[in-house]
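Structure first, commentary second.
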Amino acid sequence: MGSSGASWKLADHPKLPKGKVIGLIVLDGWGEADADQYNCIHVAETPTMDSLKKGAPEKWRLVKAHGSAVGLPTEDDMGNSEVGHNALGAGRIFAQGAKLVDSALETGKIYQGSGFKYIKESFETGTLHLIGLLSDGGVHSRLDQVVLLLNGAAKHGAKRIRLHVLTDGRDVLDGSSVGFAETLENELAKLREIGVDAQVASGGGRMYVTMDRYENDWEVVKRGWDAQVLGEAPHKFRNSVEAIKKLRTEAKATDQYLPPFVIVDDSGKPVGPIVDGDAVVTFNFRADRMVMLAKALEYADFDKFDRVRVPKIRYAGMLQYDGELKLPSHYLVDPPEIDRTSGEYLTYNGVHTFACSETVKFGHVTFFWNGNRSGYFNDKMEEYVEVPSDSGITFNVQPKMKAVEIAEKARDAILSGKFQQVRVNLPNGDMVGHTGDIEATVVACKAADEAVKIMLDAIEQVGGIYVVTADHGNAEDMVKRNKTGQPALDKSGNIQILTSHTLQPVLIDGFCFCLSRFQLQLEGPGLAPGVRFRKDLPSGGLANVAATVINLHGFEAPADYEPSLIEVVDN
Ligand SMILES: O=C(O)[C@@H](CO)OP(=O)(O)O
Ligand SMILES: [Mn+2]
Ligand SMILES: [Mn+2]
């Protein structure tokens, strides 16, 4: 019995052998869409991936990666790395942060929980600060939730509220931050009318201010700290709409990279630095890009940058972001309890695992894969390798990123004979796709394809099996489209570049489904004869992959996992 009381021993698969090396490749942001000039995967030379497609339908198929298939509130929600890798690793669909926060706000439970009670202690004499992504993208946060929380906090006694906003342009169109700021300022004005002193206090673009991840560049978090906590930034404005509009033109900055700003009063004094006695909530529900700020806000011992002043605050996350570190210790909504992931089962059943990506996606194949848990399950059986990412650049400048380095580390792990699972995330399609630079994204896709080849060659050499999949779409569609699938033009007749993940509409059986189309490919000399994708599971999703992989390791999957996508037919 394991720590959770579960029995960790998996039954032998009746037909599939153990001990094969499985190369498990997640192409980040690599969806399947119709071919045109905005489909960078189609435009790029991708001979390796093209050759895999020839295995359809027995060895290549599409799986869903968005909406309810990955635990998101609606079928209009695009997939993302967190929910995608959670589903891939955990083999079950968990209601994700977005959905849990929706329901806590709807039922009012959020205000009864210990997290809210904790911050409420500061409402009488202190200020409530809300920090997070100003967006309706639904990947890290949602503006409608922020508005509900703002009003709910005011109703429950918050008298002075300050917002520290991070502009998006990555999950939503670039430039949309102005509209979100207008909506927010209207809400704050309404609160002021009823006597609540509510204002935006600071801001900046998410990729330049605060929302770094996996400790790639602490300067990003420091810029945010200076504006949010110290009230210091190079740009000063009277309100957020003016700030964003001005900075977008003057600094030629995009929403993602807006420089930090603070809002000041008539006398030029910042309206909302964070001081002793205040309460702080980071309102993003998604973990990866809030963990670093959470550490800066919560840890007494902290040496990543000079915080200058460390206010004594009551801090809560929207969720607890790291279950292993218990960070932050206070939170408003319980996170999904993602337990008994495939990685943990495999260690109990003798499967040695190697996982690798570069810094910007390293936590995806480890932390997200293992159910938002940092560290190893068993350090004698697992090795996680992080290839350092470039920092301080937008990835269209280096679209090849570290794909080759990741693939070479994986190749060496495959050839070493030490591991039965070698798992990577290749970030190119996603990270370069988010820049909106079509030419660079084409180069990125080619680089990812070359990296896949390096791994597949190694798998061939050891007689192993490969499983190639993705976590959501991005690079396959780089333009906003109208309902008929044509590029949607803006008021000046220009196309609108899509920097976000995607959601492809297709028609099935006369019903209109919104479906992110994904490929899943398995092959390799070690694949037992007769293994093929089942035909009776046409609507499989990412959560079906874990059971599939467990089967390929020679075991039956746990009974409550989403069913395996494969069957073994007698030849
Ligand atoms: O960069 C990120 O934080 C998200 C988009 O908001 O992308 P991904 O889910 O692929 O990590
Ligand atoms: Mn991703
Ligand atoms: Mn992405």
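Order of listing sets the numbers, starting from 1, for every ligand and every atom in it. Note that this is a predicted model, so its numbers are computed, not measured. The residues of the chain are indexed from 1 along the displayed sequence.
The pair K304-E215 counts as a salt bridge, with a side-chain nitrogen and a carboxylate oxygen less than 4.0 angstrom apart. Between E344 and R340 there is no salt bridge, since none of the side-chain N atoms of the basic residue sits less than 4.0 Å from a carboxylate O of the acidic one. Here D449 does not pair with K453 in a salt bridge; the nearest charged N to carboxylate O distance is not below 4.0 Å. The existence of a salt bridge linking R92 and D339 is confirmed by a sub-4.0 Å separation between a basic side-chain nitrogen and an acidic carboxylate oxygen. Residues K480 and D490 are not paired through a salt bridge, judged by the lack of any N-O separation under 4.0 Å between the basic side chain and the carboxylate. With respect to D77 and R142, no salt bridge is recorded, no charged nitrogen being found less than 4.0 Å from a carboxylate O.
With a heavy-atom cut-off of 4.0 Å, H501 touches ligand 1 through its side chain alone. Heavy atoms of Q256 found under 4.0 angstrom from ligand 1: none, in either backbone or side chain.
Using a 4.0 angstrom heavy-atom cutoff, H434 counts as in contact with ligand 1. Distances shorter than 4.0 angstrom occur between a heavy atom of R213 and an atom of ligand 1.
Checking only distances, N80 never comes within under 3.5 Å of ligand 1, N or O to N or O. Residue D471 has no N or O atom closer than 3.5 Å to an N or O atom of ligand 1. The shortest N or O to N or O distance between D288 and ligand 1 is not below 3.5 Å. Taking distance alone, with nitrogen or oxygen atoms compared against 3.5 Å, E82 stays at or beyond that limit from ligand 1.
Checked against K402 for a side-chain contact (heavy atoms from CB on, under 4.5 Å), the options V387, N428, L426 give a single hit: V387. Of the residues listed (N86, D322, T341), the one engaging N372 in a side chain to side chain donor-acceptor pair (under 3.5 Å) is N86, and it is the only one.
Within the 2.8 Å limit, H472 places no N, O or S atom next to the Mn ion (ligand 3). Coordination check, D28 versus the Mn ion (ligand 3): failed, since every N/O/S atom of the residue sits at 2.8 Å or beyond. Contact annotation: S81 places an N, O or S atom under 2.8 Å from the Mn ion (ligand 2).
Geometry about the Mn ion (ligand 3) gives an angle of 90° between NE2 of H434 and NE2 of H501, rounded in steps of 10 degrees.
Below 4.0 Å from some heavy atom of H140 lie the following atoms of ligand 1, by number and element: 2 (C), 3 (O), 4 (C), 6 (O). Against a heavy-atom cut-off of under 4.0 Å, V139 is close to the following atoms of ligand 1: 6 (O). Distances below 4.0 Å separate heavy atoms of D28 from the following atoms of ligand 1: 10 (O).
For Q496 (side chain) and A488 (main-chain N/O), a donor-acceptor pair under 3.5 Å exists by modelled atom type. Here the side chain of N284 pairs no donor or acceptor atom with the backbone of R286 at under 3.5 angstrom.
Taking the N/O/S atoms of D471 in turn, the shortest distance to the Mn ion (ligand 2) belongs to OD2.
The option with the heavy atom closest to atom 11 (O) of ligand 1, from among H85, M207, R286, is R286. Which of M211, H472, R206, H364 comes nearest to atom 2 (C) of ligand 1 through a heavy atom is settled by distance: it is R206. Compare K361, R289, R170 by their heavy atoms: the one nearest to atom 3 (O) of ligand 1 is in R289.
Ranking the protein heavy atoms by distance from atom 6 (O) of ligand 1 puts D171 OD1, 2.5 Å first. Protein heavy atom in closest approach to atom 8 (P) of ligand 1: S81 OG, 2.8 Å.
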>> H434 vs F395, test: ring-ring contact (aromatic ring centres under 6.0 Å, His included). Steps then yes/no.
In response: CA-CA 9 Å; H434 279 305; F395 286 99; over 10 Å; no
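Within the model, atoms CG of N474 and CG of D430 stand 4.5 Å from one another, a figure rounded to the nearest 0.5 Å.
By the 30° and 60° cut-offs, the orientation of the rings of Y376 relative to Y384 is tilted.
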